[in-house]
Amino acid sequence: MGEEKDLAQQKKEAAERAKQLARERLAARQADEQAKSTAETGSLNSHLNSNDSQIETTKGEAAKSASADDLALAKKRAAEEARAAELRKQREAAAAGGGAKDDLELAKKKAAAAAKARAAALAKQKAVEASGNDDELAKQKAAAAAKAKAAAAAKARAAALAKQQGGADDEGAKQKAAAAARAKAEETDGGTGRSAAPSPNDPLLEKYVRVIHEHLGPDVLEDAYINRLAKDMPTLVVKKEAYYQVAELLKGHEQLQFDYLSELHGTDFQTHMEVYVHLYSYPNRQPVALKVKIERDNPEIDSLVPLWPGANWPECEAYDLLGIRFRGHPNLIRIFLGEQWVGHPLRKDYEPYDAEV
């Protein structure tokens, strides 16, 4: 309402100014006309006197026309001023809106800065607390290390004191260990793998020995036992001269039928060499181990290839690595190192021909 009153007041003032301007123009025109009339000749005065009424009429019309023009001009100026006022009002409103927006952005920035400051303060506080915790943890670790060191020192002192007091306890421990070793030796016959206790394969061993004694005599075997270290394997130690005969009996006898040779290898015991053969009977589902001792200086024994062709490559391997020769082998060659290689690497006294190899 206040703005509408201001606009009406401005229009009213503009109309008043227009009227005042019209009156001033009219007075100026009248003064000009009066000056002209005094300068003219008397004849003109008489003519003017006769035409006073006409002049007055003309002046009235001129004044009226001037007043109408001034009023239109005043209205135009008032309208322009009103538009200008409206434009200023719009600009002021826009400026006010922009200012509010700027104030809002500024408030947001201030809030964000305050939040960052609080977060930084909180992080700093946590860092301080963590540092305090680390210090406390370091103190605890140092205390634990000191305790451990003290315990170790006490243990060392106790050990030294016990050592100084004599070796009575050590002697007792040695006696216990010796007793345990004797018991173990009695159980396994001194670590040879022999069994002093009954074995589920004892009947098998008895059968093998009985068949061999019946067909080849009691002198062909040096020993027969159950090897506890090889899953209770029945083991036959045969004399070198009867090695092939016993093997042939194990394969061909109807109660034995050891038709498969699964393993053959040699071993250097420094005082002698041994050839170990593992046989299996698929018809009876029974195993047996055949062992023979031979001289180390001249290691030679019969080949089992005629009985079990699978002995071919294992015997070549034993010849290559240990120098054991197998009589009757169809093609005894060195399968790993070649015929030009010097020595046999699995012998205990082997010295490499090339020290860098």
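Any value given below was found using the heavy atoms of this structure, including those in side chains, with hydrogens, waters and symmetry copies removed.
- For the atom pair Leu229 CG and Ile226 CD1, the distance stands at 12.5 Å (nearest 0.5 Å).
- Nearest heavy atoms, Pro203 versus Ser199: CD-O, 4.2 Å.
- Taken to the nearest 0.5 Å, the CG atom of Leu332 stands 9.0 Å off from the CG atom of Asn312.
- Both Leu337 and Ile335 belong to a single network of hydrophobic side chains, linked directly or stepwise wherever heavy atoms of I, L, V, M, F, W or Y lie under 4.5 Å apart.
- In terms of modelled atom types and a separation under 3.5 Å, the side chain of Glu274 and the main chain of Lys291 share no donor-acceptor contact.
- The nearest pair of heavy atoms linking Lys231 to Asn201 is O-ND2, 4.1 Å.
- Val220 and Leu216 get closest at one heavy-atom pair: CG1-O, 3.5 Å.
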side-chain contact (heavy atoms from CB on, under 4.5 Å) between Ser262 and Leu279, worked out
CA-CA 6 Å; Ser262 62; Leu279 303 174; over 6 Å; no
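- Identified under the side-chain hydrogen bond (donor to acceptor under 3.5 Å, both in side chains) test for residues 235-250, with sequence neighbours left out: Lys240-Glu295.
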Using side-chain contact (heavy atoms from CB on, under 4.5 Å), reason through Arg296 and Asp349 one step at a time and then give a plain yes or no.
CA-CA 11 Å; Arg296 189 172 186 276; Asp349 56 354; 3.0 Å; yes
Kindly indicate, with the supporting measurements, whether the criterion side-chain contact (heavy atoms from CB on, under 4.5 Å) is fulfilled by Val209 and Leu236.
CA-CA 8 Å; Val209 172; Leu236 303 173; 4.1 Å; yes
Go through Arg23 and Gln20 one step at a time and tell me if the side-chain hydrogen bond (donor to acceptor under 3.5 Å, both in side chains) criterion holds.
CA-CA 5 Å; Arg23 286 194 293 271; Gln20 182 64 28; 2.7 Å; yes
side-chain contact (heavy atoms from CB on, under 4.5 Å) between Leu264 and Val275, intermediate numbers included
CA-CA 7 Å; Leu264 186 150; Val275 175; 4.2 Å; yes
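- Hydrophobic clustering places Ile301 together with Leu290 (ILVMFWY residues linked when any side-chain heavy atoms are closer than 4.5 Å, directly or through intermediates).
- You'll find the ring centres of Tyr260 and Tyr282 inside the 6.0 Å limit.
- The shortest non-hydrogen separation linking Gln255 to Asn284 is O-ND2, 3.3 Å.
- Here the closest heavy-atom approach between residue Phe326 and residue Ser303 is recorded as CB-CB, 3.9 Å.
- Minimum interatomic distance between Gln257 and Ser281 (heavy atoms only, all atoms of both residues): O-OG, 2.9 Å.
- A salt bridge does not link Glu33 with Arg29: every distance from a Lys NZ or Arg NE/NH1/NH2 to an Asp or Glu carboxylate oxygen is 4.0 Å or more.
- Using cut-offs of 30° and 60° on the angle between ring planes, the pair His215 and His253 is perpendicular.
- The hydrophobic cluster containing Val288 also contains Val211, counting ILVMFWY residues as joined when their side-chain heavy atoms lie under 4.5 angstrom apart, directly or transitively.
- Residue Leu346 is not grouped with residue Phe269 when hydrophobic side chains (ILVMFWY) are merged at heavy-atom distances under 4.5 angstrom, including chains of intermediate members.
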